[in-house]
There are 2 protein chains.
Amino acid sequence: MIKHCADDLKTLSDRVFCHTREAIVEGRIAPGSKISEAELAQTHGISRGPLREAISQLAAIGLIERKPNIGARVIQLSSAQLLEIFHVREALEGMAARQAAMNMPADKVNQLHDTLRRHADQIAQDADHAYFQQSGDLDFHFQIVQGSANQYLIKLLCRDLYHLVRLYRYQFGMRSKRGPIALTEHQHIADAIARSDGEMAELLMRAHIRASRENVERMLRAEQ
Amino acid sequence: MIKHCADDLKTLSDRVFCHTREAIVEGRIAPGSKISEAELAQTHGISRGPLREAISQLAAIGLIERKPNIGARVIQLSSAQLLEIFHVREALEGMAARQAAMNMPADKVNQLHDTLRRHADQIAQDADHAYFQQSGDLDFHFQIVQGSANQYLIKLLCRDLYHLVRLYRYQFGMRSKRGPIALTEHQHIADAIARSDGEMAELLMRAHIRASRENVERMLRAEQ
DNA sequence: ACACGATGTATTGTCAACAATATAGATGCC
DNA sequence: GGCATCTATATTGTTGACAATACATCGTGT
């Protein structure tokens, strides 16, 4: 299970940043809603100084949009933006999978397989695969990105992009039947990494994300 | 020529962010040097409030590192980090070139060719190709990324990564003889985009960045 | 009834003082 | 002499008040 907030957050702005990020991502703060500095400061019991820094950070990772003298709003992903994110993920995570195949140490590969076994169990039990889709999926992707050993890539994906992914899952609230299929794809990717087959790992990862995107596209079309 | 600072920067923190970013990227603030809030605030004639927001933003784009209760330092790119950035660029700009081949409007393609003609002139005149390497090269890459029409990708590259690229060029101060070769590669990429050959555009862009990286690797080896 | 402008209110941007933490230097001890 | 500890200083984190900007309300004229 991923820990989204480090627990050694020393400054107020870091703590509020992290809490507010989770609140946004989990939909407790509605998409598109305005963020009032005074109000948020009061709910957290802090002054506006550190709060504004937290808001800056949230804007930096793209979760809120800020306009000078006007204020900050939680972003509302359009379907176009959603697909953009998928395209970027395809490029970056494809690369991550390739690098992971080359750099991931044996014990981390074992951990990856453990994770997948847990996911298989959960899918067997959980009829509508809610857990897997919301949290387990990202768990897998996280581990691979971490395995790439490219710090810049890790920061890009784990610090910024994945929170947007989490946000859209709440915003669009999609629940496909892809759970079991996705798990199989995950297993094939993990196998390629285990054999240090970077080429194949990238190919499979790209196909996996593309399939996920195409699934979303279908659902978007069906929606209207 | 790229404009790095928008001129409608309404708030103090935005202005100081932009100025300081340029100062760091151009080496006027030494890599690794500590950033004193009081000092910087005084030189800009502002108070520490907005200055701290500017520092947060600089940390968000990765130009400085900040530790709670200790302070902020300008980053000092290790050669390993430099190569990481090249790898990420290869993936992202490869994708950008492919998308640009599909989405770039005709007039923008013409502009791209104009830029390359100007670069050819400059290389013919400027014996050591200083201009081209420092500024012209990024000019070309900027236009292609813009042509991808993927807003998230554009933000990723233009807002964050390119400033790191500019920084390393000052930090490592490399001056290779690749100018003319790079220009040729640029022309081939532009041609592929003009024919809407996305596959080829990506291939050529990746090769171009890879060649650039390998050149840097050679120079790093030669240095020690 | 509608458009435009003035006024008052709410919100954001900025500042200067205060609190908390870390760094540097001096002192004492082994 | 080297090391730990305590103290003084400098730097960062936080706060509440003030200034500037945007928004809503009301009024006026056509």
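Convention: sequence-line order gives letters A, B, ...; per-chain numbering from 1. Heavy-atom basis, side chains included; hydrogens, waters and symmetry copies ignored. Everything numeric in this text was worked out from a predicted model, so none of it was measured.
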**Nearest heavy atoms of B:R213 and B:L83, plus distance in Å** = CG-CD2, 3.8 Å
Between [atom2] of [N] and [atom1] of [X], the distance in whole Å:
X	N	atom1	atom2	result
A:E39	C:dT11	CD	P	9 Å
A:E53	D:dT14	CD	P	8 Å
A:L12	C:dT21	CG	C1'	13 Å
A:Q42	D:dG16	CD	C1'	14 Å
B:Q57	C:dG13	CD	P	11 Å
A:E37	D:dG16	CD	C1'	14 Å
A:D14	D:dT12	CG	C1'	13 Å
A:L51	C:dT14	CG	P	16 Å

Using a 4.0 Å heavy-atom cut-off, does [X] contact any base of the nucleic acid, only the sugar-phosphate backbone, or nothing at all?
X	answer
B:G49	nothing
A:P50	base
A:I35	sugar-phosphate

**Prompt:** Side chains of B:R66 and B:R52: closer than 4.5 Å at any heavy-atom pair?
**Reply:**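 Yes, their side chains come closer than 4.5 Å.
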**Message:** So A:H186 and A:D137, do their side chains get closer than 4.5 Å, heavy atoms only?
**Reply:** yes
Between [options], which nucleotide has the shortest distance from any of its atoms to the side chain of [X]?
X	options	result
A:T11	C:dC15, D:dT15, D:dG13	D:dG13
A:I70	C:dA17, C:dG13, D:dC23	D:dC23
A:N69	C:dA22, D:dT21, C:dC15	D:dT21
A:K34	C:dG13, C:dT12, C:dC15	C:dT12

**Message:** If the cut-off is 4.0 Å, is A:R66 near the phosphate of C:dG13, judged by side-chain N/O to OP1 or OP2?
**Reply:** yes
**Message:** At less than 4.0 Å, is any side-chain N or O atom of B:R52 found next to OP1 or OP2 of D:dG13? Yes or no.
**Reply:**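 Checking D:dG13 against B:R52, a side-chain N or O does come within under 4.0 Å of OP1 or OP2.
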**Request:** For A:S36 and for B:R48, find the nucleotide of DNA chain C with the closest heavy atom, then tell me which residue's nucleotide is more 5'.
**Result:** A:S36
**Asked** Any chance the side chains of A:Q57 and B:S56 put a donor and an acceptor closer than 3.5 Å?
**Response**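 Not at all, the side chains of A:Q57 and B:S56 share no donor-acceptor pair under 3.5 Å.
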**Message:** Assuming nearest nucleotide by heavy-atom distance, tell me which of A:I46 and A:P68 is located more 5' along DNA chain D.
**Reply:** A:I46
**From CG (A:L161) to NZ (A:K155), nearest 0.5 Å** =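 Nearest 0.5 Å value for the CG-NZ distance: 13.5 Å.
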